[in-house]
Number of protein chains: 2
Amino acid sequence: MIGDAPELSLLAPTELRAWRGMLRVHAALAKALDQQLEAAHGLQLSSYEVLMYLADAEDERMRMCDLASSILLSRSGLTRLVDRLQREGLLERVACSDDARGAFAKLTPAGRDKLRAARATHLAGVRAMFLDRFSPDELAQLGDAWDRVLDATGWGCCK
Amino acid sequence: MIGDAPELSLLAPTELRAWRGMLRVHAALAKALDQQLEAAHGLQLSSYEVLMYLADAEDERMRMCDLASSILLSRSGLTRLVDRLQREGLLERVACSDDARGAFAKLTPAGRDKLRAARATHLAGVRAMFLDRFSPDELAQLGDAWDRVLDATGWGCCK
DNA sequence: GCGAGGTCGTTGTGTGCGCAATCAGAACGC
DNA sequence: GCGTTCTGATTGCGCACACAACGACCTCGC
């Protein structure tokens, strides 16, 4: 009875299952992956995302505003998140020579090590709980569908 | 460059697209639907969820703890959310005769009217931005896949 | 009865977020 | 050069949440 979903009168059962399923799946995965990462490496999912983008960026550094839009966080939110990670020594702020307003967040060696360990844990979780539940065909189909949805919400490329 | 995703080294492109696609789709839909509801009816998505579950429940009322687990919110979070909705006159607290500890949240006529209007808006949005982007076959397939994922996270029925 | 342990809802506290305002610096017109 | 306007990052503030602790109450064993 707990997980039951209303809206029966206006949504076909198949539609309802597909829609509310996604909401529950997202909530469950976010929580499970976050706890897993926290338990194994004392790292929150949002912090992990920052480190991951930095690690894959040119010279292991990114401008604050690019980082904010990459991880879908407001600029002010990123300021505080980077503050925390800087206090933990996982990244540092570096002034931008081209633009004196700007700042880079740059991975430290400690951050790189932390990420290397965390990434294995995280991706194993994503695989076990999500990717492995789909066939290769389904994954490809899903990728296409997400793009169609993002177009519909006007999130194709920006913001 | 904004929406680019790292993890290239460890995840196949198809996997990456399916995984990060879902994260972005969820974020985009949650934001868009919330803004839509807020603009049209001055109602937040979390408030809408409460009203919706109540409307579809027996006698338009639910126990606080059942409601909390239905909308995936902590008990304390629900206490405050119900506080707000009660102040707005959309629901009322009713004592539970069977169990003196318990309380029901019960829809008021105002809440029922508010929901009737909001539900049309919300479902239209879900349809336009999400459901319409999938074929009937895909929707059915998706529903099955979500169940498999929920099993993998241990959220099959409880919590 | 009645005490131990569990459950329901609320409250205190801390955290993380977005929005709006702010400041410094860049970019542009003239 | 010098104002106007725009942009990047930070800060003040309020909000909504989770967690933990609490009081009230139920339940079960004895």
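As the structure is a computational prediction, the values presented were derived from the model and not from experiment. Just so it is clear, the values below take in all heavy atoms, side chains as well, and ignore hydrogens, waters and symmetry mates.
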>> Of all nucleotides in DNA chain D that come within under 4.0 Å of a heavy atom of chain A, which is furthest toward the 5' end and which toward the 3' end?
In response: D/dT7 to D/dC13
>> Is any side-chain heavy atom of B/His122 closer than 4.5 Å to one of B/His41?
In response: no
>> Please tell me if A/Gln44 has a side-chain N or O lying less than 4.0 Å from either OP1 or OP2 of C/dG16.
In response: yes
> Would a distance-only check, ignoring hydrogens and angles, find a side-chain to backbone donor-acceptor pair under 3.5 Å from A/Arg133 to B/Val149?
Replying inline: no
> What nucleic acid atoms does A/Leu73 come within less than 4.0 Å of, heavy atoms only: base, sugar-phosphate, or nothing?
Replying inline: sugar-phosphate
> For A/Arg75 and C/dA24, what is the distance between atoms CZ and C1' respectively, to the nearest whole Å?
Replying inline: 14 Å
>> Looking at B/Arg116 and B/Asp113, is any side-chain nitrogen of the basic one under 4.0 Å from a carboxylate oxygen of the acidic one?
In response: yes
>> Could you check whether B/Asp98 pairs with B/Arg63 (Lys NZ or Arg NE/NH1/NH2 to Asp/Glu carboxylate O, under 4.0 Å)?
In response: no
>> Taking the basic N atoms (NZ, or NE/NH1/NH2) and the acidic carboxylate oxygens, is any pair closer than 4.0 Å for B/Asp144 and A/Arg17?
In response: yes
> How long is the line joining CG of B/Asp66 and C1' of C/dT7, in whole Å?
Replying inline: 12 Å
> Atom NZ of B/Lys31 to atom P of C/dC17: distance rounded to whole Å?
Replying inline: 13 Å
> Can you name the salt bridge (Lys or Arg N to Asp or Glu O under 4.0 Å) partners of A/Arg84, sequence neighbours left out?
Replying inline: none
>> Any N or O donor-acceptor pair under 3.5 Å from the base of C/dC17 to the side chain of A/Ser76?
In response: no
>> Can you work out whether A/Leu81 or B/Arg63 has the more 5'-proximal nearest nucleotide on DNA chain C?
In response: B/Arg63
> Among residues 89-105 of chain A, which residues get a heavy atom nearer than 4.0 Å to DNA chain D?
Replying inline: A/Arg93, A/Arg101, A/Gly102, A/Ala103
>> Could you tell me how far apart A/Arg80 (CZ) and C/dG18 (P) are, to the nearest whole angstrom?
In response: 10 Å
>> Is A/Arg84 close enough to C/dC17 that one of its side-chain N or O atoms is under 4.0 Å from OP1 or OP2 there?
In response: yes
